[in-house]
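Structure record follows, encoded as structure tokens.
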Amino acid sequence: MLYIGVDLGTSAVKLVLMNEEGEIRNSASKSYPLSFPQTGWSEQNPEDWISGIKEGLKELLKDEKVEDVDGISFGGQMHGLVILDENDKVLRPAILWNDGRTSEECEYLNNTIGREKIAALTGNMAFTGFTAPKLLWVKKHEPEIFDKIAKIMLPKDYVAYKLSGVHCTDASDASGMLLYDVKNRKWSDEMIDIVGIKKEQLAKVFESYEVVGNVSAKASEEFGLPTSVKVIAGAGDNAAGAVGTGTTSNGMCSVSIGTSGTVFISTDDFAMDPTNSMHSFAHSNGKYHFLGCMLSAASCNKWWMDDIVNDKDYSGELKGVKEYGKNKVFFLPYLMGERTPHNNPNARGAFIGMSMDTTKQDMTQALIEGVTFGLRDSIEIARELGVKIDRVRAIGGGAKNPEWCRILADVMNVKVDKINCEEGPGFGACILAAVGCGKFASVEEAGAKLIKVTQTIEQIPEEVELYEKKYRQWKKMYPALKDIYDEIV
């Protein structure tokens with residue numbers, strides 16, 4: 001049998017086809033537009049997602065028998081607000097995760113209602129990207145639309161609805177709405193009252209590996225999939241990506257160095273960072289996870305290489321580095337503001353410590369080190385909560401650079417594992433589909449059988465010591481610049 005994973009990203013949808021042995025048979029990617037109606041706003045037309053998936057399925061299955069497809073599942077961009085009327089028609093463009101219009105609403109939730117109360121109800125504080133502040137914004141600025149809302153959905157869940165006819169979501173994605181009681185895995189009645197909506201406007205919550213239904217007769221005609229295909233709930237992109245890296249057992253950690261950077265830590269039990277700098281979300285295996293997110297990771301390097309030094313040699317940028325931990329230049333990687341741990345949209349990037357003998361390589365190395373220090377901030381929060389982290393699984397574009405992996409190992413004082421598959425959320429969604437269809441007894445069993453470590457990079461004690469000192473120096477720089485950021489942005 002075959003399993004389809006849909007990775008619904010911000011700029012494109014990627015579809016992955018996997019067989020029962022975990023082999024990737026095919027993949028397809030279809031891009032769609034992103035709209036910025038005003039500065040700081042970010043929106044998309046949900047029908048563009050549907051069109052991209054329909055086109056991608058044709059390409060994905062062109063050499064296969066569609067009757068062999070057993071299940072389809074999803075990994076999707078989180079937090080996006082999709083609202084439907086009583087006829088299930090989309091009322092307005094989706095407001096995406098990276099939309100920043102809700103500063104006033106977050107201020108209201110965190111300070112008027114109170115961060116401690118919000119965290120007690122949901123396990124998290126309000127961030128501008130989350131869904132509940134978006135609903136408050138629509139309520140204030142588009143009341144005629146707010147009054148017509150019949151269903152509130154997330155991006156991947158709208159796709160699942162179009163395939164199955166079921167208004168559904170999953171626990172991991174619901175965790176990022178600020179309407180969900182993560183600890184008890186249920187909608188929070190009090191948060192629903194605070195936002196001013198009704199529980200019946202929210203979708204039914206499934207676990208990520210559960211079947212929500214089959215492809216409907218109408219969807220079968222539109223998408224070209226038989227009605228025998230099971231639709232499995234899926235997960236938010238980070239939780240699906242963690243399934244795709246096998247990061248499902250208690251204490252396992254994966255670090256993604258992509259456009260943004262994430263630190264994902266799987267936990268058996270619910271726990272909460274007292275500062276709410278790290279998110280406490282449900283995991284796609286029925287358990288929980290911590291998530292730290294920095295907004296600019298490998299994108300810092302792309303900006304530096306493409307726009308500043310005009311050098312496309314990404315693979316060779318760090319070759320020849322010899323002075324690990326001895327570079328005297330520092331970089332703060334906040335080119336788009338920052339989420340974990342500062343939650344400050346006004347933060348900005350900075351090079352510090354340059355002199356007349358500073359070289360391009362010094363600055364390139366400082367940039368890579370700065371991003372890695374930013375990722376370590378999340379690791380440190382988890383360690384303070386008692387989580388033991390002595391190895392991580394590294395994925396994403398930055399992890400393909402061996403020098404960056406060595407810096408990662410030294411800065412975090414961990415062993416860095418590389419794995420056999422880096423299809424990310426799409427592969428994780430395939431695994432969730434296979435679990436939902438009964439091919440594997442659990443998400444953990446699937447990961448153990450399908451995902452293997454291919455290389456381990458070990459830390460070097462002398463360099464760990466040097467980077468420890470450098471990290472402590474770097475930590476002092478953001479507080480020194482914070483007030484200046486607020487003045488200049």
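In what follows, residues are counted from 1 in the order of the sequence shown.
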Only counting residues at least two apart or in another chain, list the ones meeting side-chain contact (heavy atoms from CB on, under 4.5 Å) with Asn87.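 Asn87 satisfies side-chain contact (heavy atoms from CB on, under 4.5 Å) with Asp85, Lys89 once adjacent residues are dropped.
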Counting only heavy atoms not in [X], do more than 12 fall under 6.0 Å of its [atom1]?
| X | atom1 | value |
| --- | --- | --- |
| Lys418 | NZ | yes |
| Met336 | CE | no |
| Lys54 | NZ | yes |
| Asp307 | CG | yes |
| Glu144 | CD | yes |
| Lys139 | NZ | yes |
| Glu142 | CD | yes |

Side-chain donor/acceptor of [X] to backbone N/O of [Y], under 3.5 Å:
| X | Y | value |
| --- | --- | --- |
| Ser299 | Ser296 | no |
| Ser175 | Ala282 | yes |
| Asp7 | Lys14 | no |
| Thr340 | Gly292 | no |
| Ser260 | Leu295 | no |
| Tyr3 | Gly71 | no |
| Gln44 | Leu96 | no |
| Arg393 | Thr245 | yes |
| Glu55 | Gly52 | no |
| Asp99 | Ser42 | yes |

Any chance the side chains of [X] and [Y] put a donor and an acceptor closer than 3.5 Å?
| X | Y | value |
| --- | --- | --- |
| Tyr158 | Glu47 | yes |
| Asp181 | Asn184 | yes |
| His79 | Asn98 | no |
| Asn344 | Tyr478 | yes |
| Tyr209 | Asn285 | no |

Shortest non-hydrogen contact from [X] toward [Y]:
| X | Y | answer |
| --- | --- | --- |
| Met78 | Trp97 | O-CB, 3.1 Å |
| Val263 | Cys253 | CG1-SG, 3.9 Å |
| Val82 | Pro46 | CG1-CG, 4.2 Å |
| Leu60 | Ser27 | CD1-CA, 3.6 Å |
| Leu178 | Phe130 | CD1-CD2, 3.9 Å |
| Ser172 | Gly236 | OG-N, 3.0 Å |

Phe146 and Trp137: CA distance, side-chain angles, deciding distance, ring-ring contact (aromatic ring centres under 6.0 Å, His included) verdict: CA-CA 9 Å; Phe146 187 85; Trp137 185 93; over 10 Å; no
When you compare the side chain of [Y] with that of [X], does any pair of heavy atoms fall below 4.5 Å?
| X | Y | result |
| --- | --- | --- |
| Ile24 | Asn19 | no |
| His279 | Arg339 | yes |
| Met278 | Leu291 | no |
| Lys302 | Trp304 | no |
| Thr364 | Val309 | no |
| Arg92 | Ile83 | yes |
| Glu369 | Phe331 | no |

Can you list the steps and then say if Lys30 with Glu59 is a salt bridge (charged side-chain N to carboxylate O under 4.0 Å, His left out)? CA-CA 10 Å; Lys30 300 295 175 183; Glu59 184 176 328; 2.9 Å; yes
Qualifying residue, where the test is side chain to side chain contact (heavy atoms under 4.5 Å, CB included) with Val231 and the options are Val212, Val166, Asn214, Val211: Val212
Consider side chain to side chain contact (heavy atoms under 4.5 Å, CB included). Of Asp157, Leu84, Leu202, which one does His167 pass it with?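 Checked Asp157, Leu84, Leu202 against His167; only one passes side chain to side chain contact (heavy atoms under 4.5 Å, CB included): Leu84.
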N/O donor to acceptor pairs below 3.5 angstrom from side-chain atoms of residues 216-228, sequence neighbours left out:
| unit_1 | atom_1 | unit_2 | atom_2 | d |
| --- | --- | --- | --- | --- |
| Ser216 | OG | Ala219 | N | 3.0 |
| Ser220 | OG | Leu225 | O | 2.7 |

Think Arg185 forms a cation-pi with Tyr180, using NZ or CZ under 6.0 Å from the six-ring centre and within 45 degrees of its axis?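 Judged by the rule, Arg185 and Tyr180 form no cation-pi pair.
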Ring centers of His283, Phe264 separated by less than 6.0 Å: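 Yes, the ring centres sit under 6.0 Å apart.
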Distance flag, aromatic centroids of Trp474 and Phe373, threshold under 6.0 Å: yes
Quick one, Asp170 with Lys156, criterion salt bridge (charged side-chain N to carboxylate O under 4.0 Å, His left out). Give me CA distance, side-chain angles, the key distance, then yes/no. CA-CA 10 Å; Asp170 83 287; Lys156 79 171 196 330; 2.8 Å; yes
Is Glu338 salt-bridged to Arg348, going by a charged N under 4.0 Å from an acidic O? no
For residues 117-136, which residue pairs pass the side chain to side chain donor-acceptor pair (under 3.5 Å) check, not counting sequence neighbours?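 Matches after skipping sequence neighbours: Lys117-Glu190.
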Determine whether Glu200 and Lys151 satisfy the following criterion, salt bridge (charged side-chain N to carboxylate O under 4.0 Å, His left out), listing intermediate values before the conclusion. CA-CA 8 Å; Glu200 54 264 32; Lys151 283 296 177 185; over 6 Å; no
